[in-house]
Asker: 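This is the structure, below, for whatever I ask next.
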Amino acid sequence: MQAVQIIDLSGPDTALALDELPEPGSPPEHPLTPGAGVLVEVHAAGVSFPEVLQTRGEYQLKPPLPFVPGSEIAGVVREAPDGAEVAPGDRVAAFCGLGGFAELAVAPDFLTYPLAAQLDFGQGAGLILNYHTAYFALVLRGRLTAGETVLVHGAAGGVGTAALQVAKGLGARTIAVVSSDAKQRVAEQAGADAVLRADGPWKDEAREISDGGVHLVLDPVGGDRFTDSLRSLREDGRVVVVGFTGGSIPEVKVNRLLLGNTEVIGAGWGAYAMARPQLCRDIDLALRPLIEGGFVQPIVGARFPLDRAGEALREIDERRATGKVVLDVRLG
Ligand SMILES: NC(=O)c1ccc[n+]([C@@H]2O[C@H](COP(=O)([O-])OP(=O)(O)OC[C@H]3O[C@@H](n4cnc5c(N)ncnc54)[C@H](OP(=O)(O)O)[C@@H]3O)[C@@H](O)[C@H]2O)c1
């Protein structure tokens with residue numbers, strides 16, 4: 001099978017190589033489910049920040065070189081273990097962790113879900129990492145309820161667009177913060193009720209349009225805007241920390257939390273969810289009505305063929321990406 005490997009740690013321009021590799025054995029096996037796994041013919045693979053970091057050896061997961069990156073995929077099941085919810089021939093979205101930039105990949109059954117008919121493979125490849133993270137961060141960690149107002153940083157990005165759609169589907173009001181006109185349009189497409197600019201007085205604007213402060217801030221960006229995120233909250237408000245694309249990890253003066261009766265909450269979906277198969281299934285079930293209701297529709301901002309994976313990674317690395325960046329692994 002054709003697959004893209006990370007062969008060294010020299011960055012997105014030079015670390016990737018397209019190779020011919022042996023197909024996974026039968027029965028397929030995933031490290032999270034020893035002795036079992038779902039073998040998927042990959043049609044599309046999602047590209048995300050971790051793959052960029054992996055080309056530089058900067059991600060916490062550091063497999064020995066060479067390895068096939070790619071955490072999530074959409075495609076058609078070729079082989080599934082007894083008792084799995086999916087069967088050969090089913091269209092699925094799956095989270096494989098590694099190995100997705102290839103014509104065949106293996107995922108655990110608890111992270112392989114039927115792909116709704118209204119979503120294409122490109123959208124399916126953008127479904128699990130961003131939308132499970134968004135639901136986990138907003139609802140399970142941030143305790144978002146209908147009628148609340150949520151402010152989303154990096155709102156045109158993968159996690160950002162997912163958070164806007166999930167929040168909207170749950171009956172929340174959404175405020176997006178973005179850095180450009182093009183990203184403003186993407187945030188609007190994702191259903192933002194209001195869009196503010198990261199280089200403008202977004203904190204004051206957010207307080208004004210939310211009648212004195214937002215209930216929740218979802219922050220995949222971090223950096224120097226963090227204190228203003230706290231200031232944009234109303235009493236009982238929460239900031240949910242999801243990532244640090246801005247480059248620096250903010251520090252909190254905790255007296256601010258006391259004064260405002262506010263909270264800072266961490267949301268780390270990956271390792272936490274991998275250790276809890278039932279949680280993963282529950283999030284999938286919670287997202288299904290949002291897909292059927294038309295709220296969850298992953299926005300694919302750029303698509304590249306497998307042999308141009310480096311360009312896909314640069315899209316993210318150079319802050320151009322909107323929505324999900326996807327590799328088309330096989331057509332049809
Ligand atoms: N906690 C978890 O469980 C979890 C799960 C998934 C992902 N994540 C993390 O969440 C973060 C966002 O992921 P994503 O897939 O949404 O990324 P993305 O699609 O690239 O979007 C990130 C956004 O961050 C903003 N940003 C601000 N400063 C930036 C900079 N210097 N370089 C790049 N972007 C910058 C950009 O928005 P503007 O240009 O509009 O400011 C960009 O749209 C990543 O750090 C990722 O690792 C965490």
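Counting starts at 1 for both ligands and their atoms, in listed order.
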Asker: Could you pull out, from R141, E315, K183, the option with a heavy atom nearest to atom 36 (C) of ligand 1?
Answerer: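 Residue with the shortest heavy-atom distance to the ligand atom: K183.
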
Asker: Tell me, with the steps shown, if D317 and R314 meet salt bridge (charged side-chain N to carboxylate O under 4.0 Å, His left out).
Answerer: CA-CA 5 Å; D317 195 30; R314 276 203 301 280; over 6 Å; no

Asker: A side-chain contact here means heavy atoms from C-beta on lying under 4.5 Å apart; do R225 and V177 qualify?
Answerer: yes

Asker: Counting only heavy atoms closer than 4.0 Å, does ligand 1 sit against the backbone of R225, its side chain, both, or neither?
Answerer: side chain

Asker: Checking the side chain of D120 only, and the main-chain atoms of G122 only, is there a donor and an acceptor separated by less than 3.5 Å?
Answerer: yes

Asker: Using distance alone, decide if ligand 1 has a nitrogen or oxygen within less than 3.5 Å of any nitrogen or oxygen in S48.
Answerer: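 N/O-N/O distance under 3.5 Å: no.
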
Asker: Show which atoms of ligand 1 fall inside a sub-4.0 Å distance from at least one heavy-atom site of F49.
Answerer: 17 (O), 20 (O), 47 (O)

Asker: Taking the basic N atoms (NZ, or NE/NH1/NH2) and the acidic carboxylate oxygens, is any pair closer than 4.0 Å for E41 and R78?
Answerer: yes

Asker: Who's the nearest protein heavy-atom neighbour of atom 3 (O) of ligand 1, and how far?
Answerer: W269 N, 2.7 Å

Asker: I'd like to know whether CG of D82 has more than 12 heavy-atom contacts from other residues, nucleotides or ligands below 6.0 angstrom.
Answerer: no

Asker: Does the distance from a Lys or Arg side-chain N to an Asp or Glu carboxylate O, for D211 and R173, drop under 4.0 Å?
Answerer: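 No salt bridge links D211 with R173.
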
Asker: Students should be able to answer this: which protein heavy-atom is nearest to atom 21 (O) of ligand 1, and at what distance?
Answerer: G157 CA, 3.4 Å

Asker: Between L151, L144, V152, which is the residue that forms a side chain to side chain contact (heavy atoms under 4.5 Å, CB included) with L218?
Answerer: V152

Asker: Does atom CD of E251 have more than 12 heavy-atom neighbours from other groups under 6.0 Å away?
Answerer: no

Asker: N/O of V242 under 3.5 Å from N/O of ligand 1, yes or no?
Answerer: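 There is such a contact, yes.
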
Asker: With a cut-off of 4.0 Å, which atoms of ligand 1 are near a heavy atom of G268?
Answerer: 1 (N), 3 (O)

Asker: Closer than 4.0 angstrom: is that true for some heavy atom of A198 and an atom of ligand 1?
Answerer: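 A198: no contact with ligand 1 (<4.0 Å).
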
Asker: Quick one: nearest non-hydrogen protein atom to atom 23 (C) of ligand 1, plus distance?
Answerer: G154 CA, 3.9 Å

Asker: Quick one: nearest non-hydrogen protein atom to atom 5 (C) of ligand 1, plus distance?
Answerer: T133 OG1, 3.1 Å

Asker: So is there a nitrogen or oxygen of V178 less than 3.5 Å from a nitrogen or oxygen in ligand 1?
Answerer: no

Asker: Look at D284 together with R288 and state whether they make a salt bridge at an N to O cut-off of under 4.0 Å.
Answerer: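 Result for this pair is yes, salt bridge flagged.
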
Asker: Using a strict 4.0 Å cut-off to heavy atoms of V221, name the atoms of ligand 1 that fall inside it.
Answerer: 24 (O), 25 (C), 27 (C)

Asker: Using non-hydrogen atoms of the residue, decide whether G246 is closer than 4.0 angstrom to ligand 1.
Answerer: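 G246 counts as a contact of ligand 1 under the 4.0 Å cut-off.
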
Asker: Please identify which atoms of ligand 1 are closer than 4.0 Å to at least one heavy atom of F244.
Answerer: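 Result: 45 (O).
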
Asker: Nearest protein heavy atom to atom 40 (O) of ligand 1, by residue and atom, and its distance?
Answerer: S179 N, 3.0 Å

Asker: Above 12 or not: heavy atoms from other molecules or residues under 6.0 Å from CG of D224?
Answerer: no

Asker: To which of V47, T245, T161 does the heavy atom nearest atom 24 (O) of ligand 1 belong?
Answerer: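 Of the listed residues, T245 has the closest heavy atom.
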
Asker: Evaluating non-hydrogen atoms only, which member of E318, R319, K324 is closest to atom 34 (N) of ligand 1?
Answerer: R319

Asker: Which is closest to atom 10 (O) of ligand 1 by heavy-atom distance: P220, G158, S180?
Answerer: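 When every heavy atom of P220, G158, S180 is considered, P220 comes closest to atom 10 (O) of ligand 1.
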
Asker: Checking H153 side chain against G222 main chain: does a donor-acceptor pair fall under 3.5 Å?
Answerer: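 A pair under 3.5 Å: no.
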
Asker: Give the residue and atom name of whichever protein heavy atom lies nearest to atom 13 (O) of ligand 1, and the separation in Å to one decimal.
Answerer: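 Heavy-atom neighbour on the protein nearest atom 13 (O) of ligand 1: V159 CG2, 3.8 Å.
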
Asker: Which residue pairs pass the ring pair (Phe, Tyr, Trp, His ring centres under 6.0 Å) test with at least one member in residues 205-261, sequence neighbours excluded?
Answerer: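 Found none.
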
Asker: For atom 1 (N) of ligand 1, what is the nearest protein heavy atom, given as residue, atom name and distance?
Answerer: A267 O, 2.7 Å

Asker: Validate the cation-pi geometry between R281 and F110: distance from NZ or CZ to the six-membered ring centre under 6.0 Å, angle to the ring axis within 45°.
Answerer: no

